[in-house]
Each structure stands twice: as C-alpha cells, then as structure tokens.
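Since the structure comes first, as structure tokens, the remarks are kept for the end.
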Amino acid sequence: MDVELEQATLVTTLDMMPAKKKELMSHAMKRTSEWIFSQEISSDVTIHVQGVSFSLHKFPLVSKCGYIRKLILNSKEGDHAVKINDVPGGPEGFELAAKFCYGINFELTIENIAMARCVAEFLEMTEEYSVGNLVSRTEAYINEVGLNSFAGAVSILQSSERYLPVSENVKLVTRCVDTIALIVTKESQFCLSASAECSSDGLDSSSSSLFHLKEVVDWWAEDLVVLSIHTFQRALLAMISRGFNKYALVPILMLYARKCLQDLEISGKGKNKGDPNQENEKRVVLETIVSLLPREKNAISTSFLSMLLRSAIYLETTVACRVDLEKRMGLQLGQAVLDDILIPSFRFDGDTLFDIDTVQRILMNFGELDGPCDDMAKVGKLMESYLAEIASDSNLSLLKFMNLVEHTPNQRVTDDGLYKAIDIYLKAHPALGDTERKKLCSLLNCQKLTSEACAHAAQNERLSAGTVVQVLYYEQQRLRDAIDDGSRSNPLPDDVSSLQKENKDLKLELLKAKMKLKDIEKEKSHSDKSPSRTRSLISTVSKKFLKFTPFLWFDHGVSNSITRIKDKASKVRRHSIS
C-alpha cells in the first residue's frame, strides 16, 4: 500500500486530547504532515504483514511505534523490508495503526476499538514514544464510551475473542466481563425489588418475582449467546459471584444450548460423522453447559435434561458428563413423560432401536432415592408404557427386558400394563422356549390383574401354562368372593343352587387342569410330547372358564357387550343367598 496518498484532513484525534497536549502536539503534527505528503520524499521501508505489503516511511513509524523502532534498529544496514506476522487484526489492524502514525483521519467505534487497542499494545504505541499515542487514545474511548452500556461491553468482548492473548494481556476481556456482570446484577436486583413492592401491594410474590426475572433474562440473553462458550461461561460465573440468581441462568443456558446444538441430527439410529472440529466444539459446549446447571431438583425441566442427554450420547462426551445427566434424570423421573426416556440408539452393531442401558441406569438412580409414593406410582406407570413401547423390538434380549421389569417400581394398583408389555414381547419373539416364557411370565403378579385382563390371559396361548393356571385360580377365587359378597348383601334362595353348582364346576375344571399339568411335566423328560396337547388342555379349561365369567375379551380390546353382561350378572348376584 503506497503512502503517497491524496492530501487528507489532519487527524481529528487532536480534538480528543487535553488542552496542554494539543498545544504541545500541534506544531509537531503540522511539520510531520507536511513531510508526509511531500511528493519529493519516497518511501524508505516496506512492512510485510501476512502477505500484504505496505510501502511507508521510517520517520512517522519509529516516532510512535516502539516495536517497529526496535526492528529497524536491529535490522541490517540497507535492509528496507520488515516482516510482521503476528499483528492483531492482520493487515487491517496494521493499516489502522499506520493511519494513526501518518495523522490520517479515522474513527474509533465499538466495532474496531478492540482491534485498535490490541494493535496499539502489540506495536508498543505508548506515551513513552509519543504524547497522546494510540494506547491512551483507545483506553480513553473504552472507559468513556465502550464500557458505558451492556451492548457496548458485549460487542467489545465478542471482538476481543479474535485478538487473544493480547486482549487478555491488556485486561480488556476482564473489564468487559466485569461490566456485563455488574450491569446485569444491578438490573436484576432492581427488578426483584420492584416485584417485592408489587407483592406488598397485594400481588403474588413468587409469580411476580419469576416474571421480573424473566424480563431481566430476556433483555440480555440474546446479546450474550453470541459469545464463545469459554467467554460465555466466564461471564455467567462473574454474574453469580456478584449475587445474580443462578436459577435465572437456566433460560439463557437453554437458549445457548439450542443455538449450538440445534443442527444435531439425533432422531434416528446411527449418525453420519460430520466435521470432527465442529463436533469437538459442540462437545465442549455441552459439557460446559452441564457444569453450569443448578444442582437442585426440578431446577431444570426433564425434557431439557433429556435433550442434553441425547446430545451427550450422540457426541460421545466424557463419561462424567453423561453420568451427571443420568443422575439428574433419575432425580426427577417422576416428572418425565414417555418421549423423555425414548432415547434412540446410535450404534451400528445391530443392537436395539432404543438405548435400553441408559434408561436402566436412570431407573436405578431413581430407585436409590427415597421418593414419595406418588413419584413411585408415576414412574411405575411410565415404565409400563416404556416396556410396551420397546417390547416389539425383535433385537431386544430377554435379559434386558426382564432387568427393566425387575427394577420397575411395583407400587401399582393393577399389573394390566405389565401384562400388555409381556404379551407384546411374547408376540414379537415367537422363538422363545418354554423355560424362557416361564421366567418372563413369573414376573407377572396374577393377583393384580383385573377381571378383563384375566379373561384375556385365560385364552392367551403365548403365556406359559403355569401362568394360565394361576390366572384361572385367582379368577375363580375372585368369582367366589363376589358370590359371597353378593349373597350377604341381598340374598335370594331361588338362585343359590345354580351359583354353587357353577362354582363347584369351576373348581373341578381347575383341579383337573392342575393334575394334567403335573402329569405332563413328569412325562416331559421321557417322551416328546407336542406342546399342542398342553395348549389344547389350557384352551379347553379356558373355554369352560369363560362360561362362568361375566367378561368376554378380544385379542386387543373388550367387547361392547361387557357392560350389558356385567349388569346382568350383578342383577343375578344381587338376589342370591349363601
């Protein structure tokens, strides 16, 4: 770049100087400008900055730049080229400094002040070499203009990230972070005090405080998410150290996480590897956000925790990060919904569609807590739905499925949901042997099945024979209790004989089924009996059992006639006697 530029206005930076400095500099600047713009004086030094050459004069440069003065003094005689590769801002930054040396007018702004300050520091443009040098000029602008507003401090901080470590050495990053923390904390305290006054006037204090905290976050969150994760973390920690409410940080953390992780495709099985550098950056972002989350229960929504956990598994973060998220999920599993724990698997090894192991660890973390009964019941219901959802996966091993069932809280009124999940699993895995089916069905508490579920199970050939016998036994017992209750409440002598006969017939059929089942089990080791014989026996008993039960079931639902049959049965029992 040729310095024989067209005549321009002298530097207006003189107007920024104190009166005494103006007086001292005015004469020198006038002589310097006359010398600079003289067409008779050719350039005597070439500065190379990252591939860009500047043809300049030694006098204006060495008079204000200590760094260039040392380079020229140490260079060989007759050497008119100087190479500088580490200038903050590159050619653009050096050009700004050269303009200042030549007295060419330029404007300091929020956008270029960080670069100007760092260039001035790098080139040693201090008062030692010239009164009112670039370092003092930039410092005056930063203190009087740049750090006077939240937006200005954030903008300078964002620019400073490009000029590390020089911006750190001049404490520009530290000053911006402190300014941001001070402004946000003061504003939040003002809003909270205003909400306290509102509550004293009769408004609800908690809702008012949350509303004002949301207002505080709203006006600065969008500005702050433009920062890199390290600077962002530093700003938040400074805010917390100044007394900012850490719970109010959750929305900004959610906003930052969604901004950085929104392009992750984590909905399907497996993943296409992207740019390793980008994935590493996202991994650092995720781990940092997790470290900043409040530790208290219910401070973060379960859905947000689930999103973070899926991303952590996808990005293969540290084990500590994933364990932390799993523990947080376990802590508030009672507030989760089915979608929160349907975590897809990202492996290509032919494994299950969903990440069963992660959910089991979350469930075990929940089991270690001494939670309220309501949470136990909610989690039990949630896991029943989860089991039914994953049961149809043909790659799901029996061991994993049974482990989940065993760790599921059993504070349930009925086992109908568990029965449904087991039935789906048996249907999706027809190759299971009798021993495996028996183990799986043993997890079912037949006493907790409703009459409708018992009626369905009695005809279900997928269940083990022993389970069907248990279902028949408990339903017969329930029918006997119902007859006894009905006879005590409203006896009717005319129907007692028929009800007793039905009860005796059911007992007889059940006894025959038990005896034949024992015979089959004894002879099984000596002969190859087809399982169809056992099934035909159970089927026969089930059909006879259905003659005595007031419930008719289809494979996946109850007939619309159940209500009418119940009404009819209840009328009969209402007029019976013991």
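Throughout, numbering of the chain's residues begins at 1 and tracks the sequence.
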After noting the C-alpha distance and the side-chain angles of Lys297 and Asp375, does the key distance pass the salt bridge (charged side-chain N to carboxylate O under 4.0 Å, His left out) rule?
CA-CA 13 Å; Lys297 180 180 179 181; Asp375 279 357; 3.8 Å; yes
Quick one: do Tyr256 and Val285 satisfy side chain to side chain contact (heavy atoms under 4.5 Å, CB included)? Show the steps, please.
CA-CA 9 Å; Tyr256 197 96; Val285 167; 3.9 Å; yes
Please evaluate residues Arg137 and Phe100 with respect to the criterion side chain to side chain contact (heavy atoms under 4.5 Å, CB included), reporting the C-alpha separation (whole Å), side-chain torsions for both, the decisive distance (0.1 Å), and the verdict.
CA-CA 10 Å; Arg137 301 288 182 82; Phe100 181 83; 3.5 Å; yes
Starting from the C-alpha separation in whole Å, work towards a yes-or-no answer on side chain to side chain donor-acceptor pair (under 3.5 Å) for Ser167 and Arg162.
CA-CA 9 Å; Ser167 58; Arg162 298 194 292 269; over 6 Å; no
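Side-chain contact, Ser228 with Thr231: a donor N or O sits under 3.5 Å from an acceptor N or O. With hydrogens and angles left out, the side-chain atoms of Thr302 and Gln332 include a donor and acceptor closer than 3.5 Å.
Residues Arg117 and Glu139 are paired through a salt bridge, judged by an N-O separation under 4.0 Å between the basic side chain and the carboxylate. With salt bridges taken as basic N to acidic carboxylate O contacts below 4.0 Å, one links Lys70 and Glu124. With respect to Arg361 and Asp355, no salt bridge is recorded, no charged nitrogen being found less than 4.0 Å from a carboxylate O. Using a cut-off of 4.0 Å between Lys/Arg side-chain N and Asp/Glu carboxylate O, Lys64 and Glu127 are scored as not salt-bridged.
Using a 4.5 Å cut-off on side-chain heavy atoms (C-beta onward), Asn365 and Met329 make no contact. Within the 4.5 Å cutoff, no side-chain heavy atoms of Leu61 are placed close to those of Ile72. Contact check for Leu305 versus Asp340: no side-chain heavy atoms found under the 4.5 Å cut-off. Proximity of Leu342 to Ser306: side-chain heavy atoms (C-beta onward) are nowhere separated by under 4.5 Å. Side chains of Leu331 and Asn298 form no contact here, defined as non-hydrogen atoms less than 4.5 Å apart. Between Ser345 and Leu353, every side-chain heavy-atom pair lies at or beyond the 4.5 Å cut-off.
Among Leu71, Leu56, Val52, the one residue that satisfies the side-chain contact (heavy atoms from CB on, under 4.5 Å) test with Ile47 is Leu56.
Qualifying salt bridge (charged side-chain N to carboxylate O under 4.0 Å, His left out) partners for Lys83, counting only residues two or more places apart in sequence or in other chains: none. With sequence neighbours excluded, the residues satisfying ring pair (Phe, Tyr, Trp, His ring centres under 6.0 Å) with Phe94 are Phe54.
A 6.0 Å sphere centred on NZ of Lys400 holds more than 12 heavy atoms belonging to other residues, nucleotides or ligands.
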